[in-house]
Amino acid sequence: MPELPEVEVVRRGLERWVVGRSIGEAAVLHPRSVRRHAPGPADFTGRLAGRSVARARRRGKYLWLTLDSGDALLAHLGMSGQLLVQPPGADDERHLRVRLPLTPPAGAPEPLELRFVDQRTFGHLLVDRLVPDDAGEGLPSVIGHIARDPLDPAFDDDAFAAALRRRRTGVKRALLDQSLVSGVGNIYADEALWLARLHWARPTESLRRPQVDALLAAARGVMTEALAQGGTSFDSLYVNVNGESGYFERSLNAYGRRDRPCGRCGTPILRETFMNRSSYSCPKCQPAPRDARF
DNA sequence: CCGGCGTCCTGGGGGC
DNA sequence: TGCCCCCAGGACGCCG
């Protein structure tokens with residue numbers, strides 16, 4: 001499940017392997033993977049052909065390649081998406097959805113392919129115009145509503161705290177709302193809440209500023225640590241986004257740990273269903289509020 | 001306008 | 001052994 005750290009690892013891989021190359025004739029092997037490209041697969045392919053890649057950028061879980069046309073190739077990996085850089089002769093992956101030939105810059109050694117592989121097709125690619133954002137930088141128009149993420153230097157803690165307390169909902173639902181703060185998914189939400197000793201159903205309007213600060217610090221800490229561990233595996237030709245950064249095996253305190261002892265107090269971790277997904281928490285360190293909001 | 005629910009999708013695993 | 005159901009969940013459309 002790629003969240004911010006995994007997507008950032010992919011972005012770094014794209015920066016290394018794709019920036020400076022040109023895209024050839026793309027092949028859309030599964031139309032669902034470009035379903036958000038409204039003009040359809042042929043237009044998708046046409047707007048990429050011959051364009052060179054200038055930058056690899058990211059906001060939250062979205063990442064995009066800026067093109068010399070003023071467009072961006074925007075990607076969301078969903079639950080199971082991968083972007084792989086392969087030699088053109090490599091066997092097709094079982095769930096290969098889109099193939100993007102990369103022509104080398106003059107004098108560069110070998111041709112490559114960028115491949116979008118996605119078992120469950122929750123992810124997608126699209127080509128979109130870049131429009132200026134609030135800082136005057138280019139942002140794909142369709143993600144104008146996506147907030148900055150906690151690792152973005154321009155993330156505004158004060159504005160976040162104020163917006164959070166204006167909400168009338170539970171704190172985990174707010175953390176997962178990408179228009180409020182981006183990049184946080186189910187795993188890092190549970191980990192950040194455990195670190196900040198907050199229950200997922202805690203009403204946002206009842207959070208005091210020190211608790212908001214603790215929550216942000218926890219989210220930043222857990223994502224920075226995951227990034228440090230995941231960032232070690234992208235120096236091969238493969239852009240690593242298997243969603244298992246090694247972080248998961250060693251360092252999770254709450255997520256997926258049902259009935260296992262809390263690392264602080266030993267109380268068995270509780271699994272509850274919320275928003276059609278699992279929430280893991282320590283019932284002692286993160287007691288449910290009386291005025292729980294879901 | 002905003003909160004919150006339903007929906008999309010596939011492979012792995014458990015139960016019988 | 002095979003079948004069926006459940007589970008994983010990000011983001012958007014839509015409803016109240």
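Per chain, numbering begins at 1; letters A, B, ... match sequence-line order. The shown structure was predicted, so the numbers you read here are calculated from the model rather than taken from an experiment.
- For the OP1/OP2 pair of B/dC5 and a distance below 4.0 Å, the side-chain nitrogens and oxygens of A/R173 include at least one atom meeting the criterion.
- For A/V142 and A/F122, each mapped to the nucleotide of DNA chain C holding its nearest heavy atom, the one lying further toward the 5' end belongs to A/F122.
- Contact annotation: A/S278 reaches the phosphate of C/dA8 (side-chain N/O to OP1 or OP2, under 4.0 Å).
- Note on A/F274: nothing from the nucleic acid sits closer than 4.0 angstrom, heavy atoms only.
- Looking at which nucleotide of DNA chain B each of A/R166 and A/R277 is closest to, the 5′-most match is held by A/R166.
- No side-chain donor from either of A/K61 and A/S182 sits under 3.5 Å from a side-chain acceptor of the other.
- Counting any heavy atom pair closer than 4.0 Å across all strands shown, A/R35 reaches no nucleic acid atom.
- B/dC9 atom P lies 15 Å from atom NE2 of A/H124, rounded to whole Å.
- Separating the CG atom in A/L100 from the OG atom in A/S22 is a distance of 12.5 Å, to the nearest 0.5 Å.
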**Study point:** Step-by-step side-chain hydrogen bond (donor to acceptor under 3.5 Å, both in side chains) determination, A/R129 to A/S141
**Key:** CA-CA 6 Å; A/R129 290 301 293 179; A/S141 71; over 6 Å; no
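- The interatomic distance linking A/L180 (CG) with B/dC1 (C1') rounds to 15 Å, in whole Å.
- Atom CZ in A/R120 sits roughly 17 Å away from atom P in B/dT7 (whole-Å rounding).
- When only modelled atom types and interatomic distance are considered, A/Q86 and A/E93 share a side-chain donor-acceptor pair under 3.5 Å.
- Remark: P of C/dA8 and CG of A/D118 are 19 Å apart, rounded to the nearest angstrom.
- Nearest nucleotide to the side chain of A/Y255, out of B/dC9, C/dG10, C/dG9: C/dG9.
- In this structure, A/H145 and A/M275 both approach DNA chain C, and ranking their closest nucleotides by distance from the 5' end singles out A/M275.
- For the pair A/Q82 CD and B/dG11 P, the computed distance is 14 Å after rounding to whole Å.
- The side chain of A/R32 contributes no N or O atom lying less than 4.0 Å from OP1 or OP2 of B/dT7.
- Phosphate contact (OP1/OP2 of B/dG11, side-chain N/O of A/S80, threshold under 4.0 Å): absent.
- Between the side chains of A/E272 and A/W200, a donor-acceptor pair is found at a separation under 3.5 Å.
- Phosphate contact (OP1/OP2 of B/dG11, side-chain N/O of A/H95, threshold under 4.0 Å): present.
- Summarising the geometry, atom CG belonging to A/L114 is positioned 7.5 Å from atom CD1 belonging to A/I23; distances are rounded to the nearest 0.5 Å.
- Minimum atom distance to the side chain of A/M79 is reached by C/dG10, of the listed C/dG10, B/dT10, C/dC12.
- Close to B/dC9, at under 4.0 Å from its OP1 or OP2, lies no side-chain N or O of A/H30.
- Counting to the nearest Å, the P atom of B/dG12 and the CD atom of A/Q119 are 7 Å from each other.
- Applying the 4.0 Å criterion to OP1 and OP2 of B/dC2, one finds that A/R167 has every side-chain N and O outside that range.
- One can place CD of A/Q178 at 9 Å from P of C/dC12, the figure rounded to the nearest angstrom.
- The distance between atom CG of A/L175 and atom P of C/dG9, rounded to the nearest whole Å, is 15 Å.
- For A/Y62, counting side-chain heavy atoms from C-beta on, the closest listed nucleotide (C/dC12, C/dG10, B/dT10) is C/dC12.
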